[in-house]
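Some notes on the structure that comes next.
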Amino acid sequence: MQEKYSPADVEKAAQAHWKAIDAYKAVENDPRFPKGKYYACSMLPYPSGKLHMGHVRNYTINDVMYRYLRMNGYNVLMPMGWDAFGMPAENAAMANNVPPAQWTYSNIAHMKEQMESMGLAIDWSREMAACKPEYYKWNQWMFLKMLEKGIIYKKTGTVNWDPIDQTVLANEQVVDGRGWRSGALIEKREIPMYYARITDYADELLDYVDHKLPGWPERVRIMQSNWIGKSTGVRFAFPHSIAGADGQPIGDGKLFVFTTRPDTVMGVTFCAVAAEHPLATHAAQNNPELQAFIAECKMGSVIEADMATMEKKGMPTGLFVTHPLTGAQVEVWVGNYVLITYGDGAVMGVPAHDERDFAFAKKYNLPIKQVIRAEGQDYSDAAWQEWYGDKSVSIVANSGKYDGLNYAQAVDAVAADLAALGLGEKKVTFRLRDWGISRQRYWGTPIPMINCADCGVVPVPEKDLPVVLPEDCVPDGTGNPLNKHEAFLKCDCPQCGKPARRETDTMDTFVDSCWYYMRYTSPGSNASMVDARNDYWMPMDQYIGGIEHAVLHLLYARFWTKVMREFGLVKFDEPFVNLLTQGMVLNETYYREDAAGKKTWFNPADVELTTDDKGRPQSALLKEDGAPVQIGGTEKMSKSKNNGIDPAAQIEQYGADTARLFTMFASPPEQTLEWSGSGVEGANRFLRRVWSYAYAQKARIDASGAALTAAANGDAQKTLRRELHKVLQQADYDLKRIQYNTVVSACMKMLNTMESAKLDDSAESNAVLSEGLAIFLRLLNPVAPHITHVLWQELGYAGDILDAAWPQVDPAALEQSEIEMMIQVNGKLRGSVKVAKAADKAAIEAAALAEESVQKFIEGTPKKVIVVPGKLVNIVV
RNA sequence: GCCCCGGUGGUGAAAUUGGUAGACACACCGGACUUAAAAUCCGUUGGCCGCAAGGCCGUGCCGGUUCGAUUCCGGCCCGGGGCACCA
């Protein structure tokens, strides 16, 4: 055994051993693991080139879970794969004139090496990459099945066009009116494309996320719920006879609106339509002023973020529609706050009971008619704002036959009357849109369709799948290179056999991540996308990934699963039973600002900090030139702030165990983690101490554990055993609730306890020590698998620590004849007293009252004495 | 604007969900070892008062419930995230 801890040697040896025995290959129904399967999976990485700290954190959490559960008898699966399609590869291709395929495959190779250097328990036999035909063939197969069932359909629609990336984005990919990757202002374009009917599943997706996913974090459930955005109300029409250019009534003579407050319908004093609404277009024909206003609205609507704060503006169209229940003529306005994309692009205006309508009516002097009062309140003294939002107390008033009805009654009555007129019905509206999956991009799954001059758009027959994406293209920034790839384009029409052209659009890469975690379960499955093995592993027991995927990926994957269920491919409703969203990794930032205000960011590794006597940072100097830089605060590690720490460099300097230990120790998995160079040093110092301690005690270790039963009679022995088992108990609890930072604390505490134990040289002491180290190494193993693997061997413990049984708390070790109880007087800590463990309440009370240190706080007889068993005594005076 | 999640020493954090606040670390300071430095080891470290024994205060702020509140309730302040003219 080496005297000094050498991470490089230790990790090389451990990793070679794992490789030699194929340690992490998971087999269905493996008899070695009696507790059954546990599928713990991380969100698959994009192969950007190298690992970042977010990956390290993600996979370490996954790995700790794996090792803990395996030692507890579970058949654990931890797979890995590559989100290998997507735009960065195209951008890199343009920059370096290399095909995306080549760039991607070499990145995968490099990142895989880095993962191996972390000592992760990955079953590589299940590795997948989204850009491999054997994978994306099944995207195409699902596409065709969904097309056949009408779950995918083609339509020409207004789409978000990203002018920098030259592609269409889903609504979800547009953030504040800008492309989620490029940051470019999004334009509207009309493009034919394929949509998936996720809205058909909106109700079920909402129901499960609201009520049936207890293993998901509350905030993710709320985010999804908001995203789906269910509203219940009534959709109804205002009849009219406004005719268009063709002489026919526009919209069949009906102006449809949607409202969640049909109980206020008698208070309508105007209608407002979106700038894009047919009535607006019609009215503008001979009205240049309105034309200009509509143009202004369309311009403004590009930047959604500004819309919320934008002033409510409108203009009358001069057109009138008929109120369906009163017959009154209602003027139609164009309003800049009405969205063409929601409902029917038109709203009824009830200024008395809607904040926006109220502001609008005030501004343009439109009538305000109150038709709601609060329960128990007079009609006259109710101000609209106070109870508009609270449907539970509103009563209809000033509305003829509806007077006196509460919300639910009014909705029913109004809906029934509108239905009788054939003008409306109850309706549920969602914020969620159908998912546009076509992308005008090269590096993705080809959409398996063929355009034939005679037959039109024809699906590729299943037998001809996969439609293989050529891997030799180099995009040049002028659109999709497939459009120039004759060998790809050229094909025969499956229907008529005549020469035809292939569709060149590819699928959104979110399709790839919809089901990859199921493909892991069925590697090599050629006859179907997943096989019987999927039934064994899925649904996934634990999914781990970043909060940034709380809506998009997780919603699409849930949708996809439900479609697969419909096709009989899976038997469950939801793919992910438990979800852990790990926190971001942060680091300090340093910058200099030039005269023009442009900031240059410096990597923390190149900056020297000076601190005051409390250790607070005072100033920062760039190592290179010794001149000061500004301290910019702690932010998410990113390229743009140049505050990333390279995991490879950390592993090189300290070893993987140190990197793992630090990332687990610094904060709980779900919280943000602040990088700290000295914290890493501390983690490394701990592992060096572990090694030195094991080295020093090696001669005393009796790995057989034979002497233990007779041992532990001395006070020091008992105390040590008690401490160790107590800490183990706590650590077990923390492992179960995935609070790994305190598990590391527990390891540190154990080492401290063993080091300071005052043991003699007896065989009994040696036995206690042997037990202690065996517990300690196994507890530390999930976090630091390499050093514990080697020490387990060096100290002569039996077998491979990987499959050692998890240490069990010995209740006998925890037993104490005497316990210390705290004494409070009026809730304030005043002293403590040792009492026999078996002491009854009266005895404890007496002992507490007799305690000298507390007596001076007690005058006369105590009013009351509260005894909390095993904890404390509170004396109330 | 609405909806979430946070706020605890100089710093990261803990407190098994109402029972000893600050575990475990980092940093700082002091000491040992060393010719010296690094490494290592030992010790102090929430604030205030006090020579000390000890006392008082203390988990963003103000109240409340309770024998007892970081934890529960009400109202504010601050930070982070999500949604945002959604009818």
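Each chain gets a letter, A, B and so on, in the order its sequence line appears, and its residues count up from 1.
- Between the side chain of A:Asn226 and the base of B:C83 there is no donor-acceptor pair of N/O atoms closer than 3.5 Å.
- Using a 4.0 Å heavy-atom distance criterion, A:Tyr733 is classed as a sugar-phosphate-only contact.
- Classified by its glycosidic torsion, B:G75 falls in the anti category, the angle being over 90° from 0.
- Only the C1' atoms considered, B:A14 is 11 Å distant from B:U70, to the nearest whole Å.
- Remark: A:Arg431 is not in phosphate contact with B:A87, judged by side-chain N or O atoms under 4.0 Å from OP1 or OP2.
- Residue contacts shown for A:Phe857 are limited to sugar-phosphate atoms, with no base heavy atom under 4.0 Å away.
- Each of B:G12, B:C4, B:A87 was ranked by its minimum atom distance to the side chain of A:Phe665; first place goes to B:G12.
- For the P atom pair drawn from B:G64 and B:G10, the interatomic distance equals 28 Å after rounding to whole Å.
- Looking at A:Arg431, its side chain never comes within 3.5 Å of a backbone N or O of A:Ser231 through a donor-acceptor pair.
- Rounded to an integer number of Å, the gap from CD1 of A:Ile823 to P of B:G68 is 18 Å.
- Taking atom NE2 of A:His277 as the reference point, atom C1' of B:A87 lies 13 Å away to the nearest angstrom.
- Here B:G19 is the nucleotide among B:A23, B:A25, B:G19 with the atom lying nearest to any side-chain atom of A:Ile866.
- For A:Arg685, whose side chain is taken as the heavy atoms from C-beta onward, the closest listed nucleotide among B:A25, B:C56, B:U40 is B:U40.
- Of the candidate nucleotides B:C86, B:C4, B:U16, B:C86 has the atom lying nearest to any side-chain atom of A:Leu339.
- Out of B:A23, B:G19, B:U20, the shortest distance to the side chain of A:Lys871 is found at B:G19.
- Taking the centre of each ring, A:Phe360 and A:Tyr337 come in below the 6.0 Å mark.
- Protein atom NE2 of A:His549 is 13 Å distant from nucleotide atom P of B:G82, rounded to whole Å.
- RNA chain B is contacted by both A:Gln824 and A:Ala683; A:Gln824 maps to the nucleotide lying nearer its 5′ end (nearest heavy atom per residue).
- In this structure, A:Arg261 does not reach the B:A87 phosphate: none of its side-chain N or O atoms is under 4.0 Å from OP1 or OP2.
- Across the P atoms, B:C76 and B:G1 are found 13 Å apart, a figure rounded to whole Å.
- A:Gln739 comes within contact range of the sugar-phosphate backbone alone, with a heavy-atom separation under 4.0 Å but no base atom that close.
- In this structure, of B:C67, B:C4, B:C24, it is B:C24 that holds the atom nearest to the side chain of A:Lys749.
- Distance check on atom C1': B:G18 versus B:G55 gives 27 Å, rounded to whole Å.
- Annotation: of the two residues near RNA chain B, A:Gln671 and A:Asn874, the 5′-most nearest-nucleotide partner is A:Gln671.
- Side-chain atoms of A:Asn587 come within 3.5 Å of backbone atoms of A:Asn643 as a donor-acceptor pair (strictly under, hydrogens ignored).
- A:Ile222 comes within 4.0 angstrom of sugar-phosphate atoms only, judged by non-hydrogen atoms across all strands, and of no base.
- Counted within 6.0 Å of NZ on A:Lys834, heavy atoms from surrounding residues, nucleotides or ligands total 12 or fewer; the atom is thus considered open.
- In the set B:G82, B:C67, B:A14, the nucleotide with an atom closest to the side chain of A:Thr742 is B:A14.
- A distance of about 12 Å separates the P atoms of B:C72 and B:U16, rounded to the whole Å.
- Base engagement by A:Gln730 is indicated by at least one non-hydrogen atom pair under 4.0 Å involving a base atom.
- Among the atoms of the strands shown, only primed sugar atoms or phosphate atoms (P, OP1, OP2) are found under 4.0 Å from some heavy atom of A:Asn752.
- Comparing atom distances between the A:Ser231 side chain and each of B:U40, B:U16, B:A87 picks out B:A87 as nearest.
- Residue A:Gly682 is in sugar-phosphate contact alone, with no base atom involved, counting any heavy-atom pair closer than 4.0 Å across all strands shown.
- If you measure from atom CZ of A:Arg219 to atom P of B:C83, you get 13 Å, rounded to the nearest angstrom.
- Picking from B:C56, B:A87, B:G12 the nucleotide with the shortest atom distance to the side chain of A:Arg830 gives B:C56.
- A gap of 35 Å separates the C1' atoms of B:G47 and B:A38, to the nearest Å.
- Checking side-chain atoms of A:Glu635 against main-chain N and O of A:Leu586 turns up no donor-acceptor pair under 3.5 Å.
- Only the P atoms considered, B:A15 is 33 Å distant from B:C2, to the nearest whole Å.
- Partners of A:Arg689 according to the side-chain hydrogen bond (donor to acceptor under 3.5 Å, both in side chains) rule, which considers only residues two or more places apart in sequence or in another chain, are A:Asn752, A:Glu755.
- Checking side-chain atoms of A:Asp434 against main-chain N and O of A:Ile198 turns up a donor-acceptor pair under 3.5 Å.
- A parallel orientation is assigned to the rings of A:Tyr556 and A:Trp435, their planes being inclined by less than 30° (bins at 30° and 60°).
- For the pair A:Trp227 CH2 and B:G81 P, the computed distance is 17 Å after rounding to whole Å.
- Counting non-hydrogen atoms under 4.0 angstrom, A:Val876 reaches the backbone sugars and phosphates but no base.
- Between A:Phe236 and A:Phe238, the ring-plane angle classifies as tilted under the 30° and 60° cut-offs.
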*According to the Watson-Crick and G-U wobble definition with distances under 3.5 Å, which dot-bracket string, read 5' to 3', encodes RNA chain B, using [ ] for crossing pairs and | for pairs with another strand?*
(((((((..(((......[....)))..((((.......))))..((((....))))..(((((..]....))))))))))))....

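- Atom-to-atom, CG of A:Asp354 to P of B:C85 comes out at 14 Å; the value is rounded to the nearest Å.
- A donor-acceptor pair is defined here as one N or O able to donate and one able to accept, closer than 3.5 Å; no such pair exists between the side chain of A:His277 and the backbone of A:Val334.
- With C1' as the reference atom, B:G75 and B:C86 are 31 Å apart, rounded to whole Å.
- To the nearest angstrom, C1' of B:A23 lies 11 Å from CG of A:Asp734.
- Looking at heavy-atom distances under 4.0 Å, A:Lys863 makes no contact with the nucleic acid at all.
- Rounded to whole Å, atom P of B:C85 lies 25 Å from atom NZ of A:Lys362.
- Proximity of A:Thr199 to A:Phe430: side-chain heavy atoms (C-beta onward) are nowhere separated by under 4.5 Å.
- Side chain of A:Asn741, nearest nucleotide from B:A13, B:A87, B:C26: B:A13.
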